[in-house]
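Input: a single structure, listed below in structure tokens.
Not measured: the values here are computed from a predicted model. In listed order, ligands and their atoms are each counted from 1.
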Amino acid sequence: MHYIGRFAPSPTGLLHFGSLLAALASYLDARSNRGTWLLRIEDLDPPREHAGASDSFPRTLEAFGLQWDGEITLQSQRLGLYQEILEQLIQQQDVYRCNCSRKQLQLRSGGLPYDGHCQQHPPNHDSPAAYRIRTADQNNTFQDRIQGIQHYNLATDCGDYVIRRKDNLFAYQLAVVVDDHLQQISHVVRGCDLLTETPKQLYLQQLLGYATPSYAHIPVAANAAGQKLSKQTYATALDLSRPVPQLLTALEFLDQSPDPALSDARVDDILQWAIEHWNIDAIPGLPAKEIAPESTCDN
Ligand code: GLU
Ligand code: ZN
């Protein structure tokens with residue numbers, strides 16, 4: 001099987017050190033396996049988009065020597081594909097409509113997975129509604145290349161999750177599964193913040209008869225206050241004028257023990273060294289408590 005990997009940032013902010021870790025790890029894993037590496041921009045949520053972010057991604061990756069293969073994919077141009085798959089899931093009766101407000105959800109479930117209210121009380125046909133996947137009380141596992149075996153219960157850890165929001169925007173879960181399938185992604189390497197989202201993606205793959213890629217979730221970087229670095233916590237954007245020290249710090253963070261002599265090297269030489277020495281087994285897994293599932297049941 002040919003290795004196809006990807007980096008899939010959302011344009012909710014500029015790329016930061018945490019994004020560099022995900023980009024670099026997925027790039028090195030692909031290149032050390034003589035694989036293809038794709039760039040997919042996950043611009044599904046215009047209200048949360050940061051002006052100029054999408055345009056800055058290719059420039060930023062190029063400054064760090066991370067050259068992708070082929071055309072850049074924009075999810076905003078693939079809405080028809082997601083609609084087709086939504087219709088398939090409706091046909092298969094794997095989804096139901098939900099018009100609960102954020103406030104009702106908060107009152108009834110208090111951050112736990114959705115309680116299934118609208119399955120018993122279907123909303124009127126003319127009222128705006130989200131679509132939720134009907135999950136089953138199913139214990140399951142998957143093997144993560146870095147985090148090891150993951151145990152979960154689909155109903156209690158994920159619950160009936162949203163794949164299209166009440167405002168008609170497609171949710172990340174649906175688009176990521178459809179695109180990973182259509183782009184024939186064989187290996188997903190991404191941040192550990194998405195470890196708890198993976199069971200939802202595996203279930204959708206199962207419902208749609210898609211193959212499941214191999215997953216590796218790298219540790220995510222935290223700031224000095226111990227918060228996960230994200231575009232929302234205003235992690236500092238990468239500095240395009242000095243990629244070398246940031247690349248070396250990223251390699252250290254990924255436990256790749258970069259050769260000290262590399263501090264005088266050029267970006268391309270650093271990447272060449274890193275491809276040759278890439279060792280995903282050196283990356284430590286998280287203690288299990290840090291990956292306890294969080295509820296992500298937003299409408
Ligand atoms: N677009 C997602 C994010 O930026 C990542 C998607 C993925 O790697 O599966 O958090
Ligand atoms: Zn509901």
N or O pair under 3.5 Å between L194 and ligand 1: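 No, L194 has no N/O under 3.5 Å of an N/O on ligand 1.
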Verdict with reasoning, L204 to L89, per side chain to side chain contact (heavy atoms under 4.5 Å, CB included): CA-CA 9 Å; L204 262 177; L89 290 165; 3.8 Å; yes
Mode of Y172 contact toward ligand 1 - side chain, backbone, both, neither (heavy atoms, under 4.0 Å): side chain
D193 and ligand 1 - part of the residue with a heavy-atom distance under 4.0 Å: neither
Does any N, O or S atom of [X], backbone or side chain, fall under 2.8 Å from the Zn ion (ligand 2)?
| X | value |
| --- | --- |
| N99 | no |
| C118 | yes |
| H121 | no |

Under 3.5 Å: donor-acceptor pair, side chain of Q147, backbone of H217: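 Yes, Q147 side chain to H217 backbone: donor-acceptor pair under 3.5 Å.
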Check: D43 side chain, Q75 main-chain N or O, donor-acceptor pair, under 3.5 Å: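 Present.
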In ligand 1, which numbered atoms sit nearer than 4.0 Å to a non-hydrogen atom of [X]?
| X | value |
| --- | --- |
| R190 | 7 (C), 8 (O), 9 (O) |
| V176 | 9 (O) |
| R6 | 7 (C), 8 (O), 9 (O) |

Parallel, tilted or perpendicular, as decided by the 30° and 60° cut-offs, for the rings of F142 and Y215: perpendicular
Aromatic plane relationship, F7 with W37 - under 30° parallel, 30 to 60° tilted, over 60° perpendicular: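 Answer is parallel, since the angle falls under 30°.
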Side-chain heavy atoms of Y27 within contact of F64, under 4.5 Å: no
Vertex the Zn ion (ligand 2), rays to SG in C100 and OH in Y114 - rounded to 10°: 110°
In one Ile/Leu/Val/Met/Phe/Trp/Tyr side-chain cluster, 4.5 Å: I185, L81: yes
E62/R59 ion pair, N-O < 4.0 Å: no
Q201 near ligand 1 by a heavy-atom separation under 4.0 Å: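 No, Q201 has no heavy atom closer than 4.0 Å to ligand 1.
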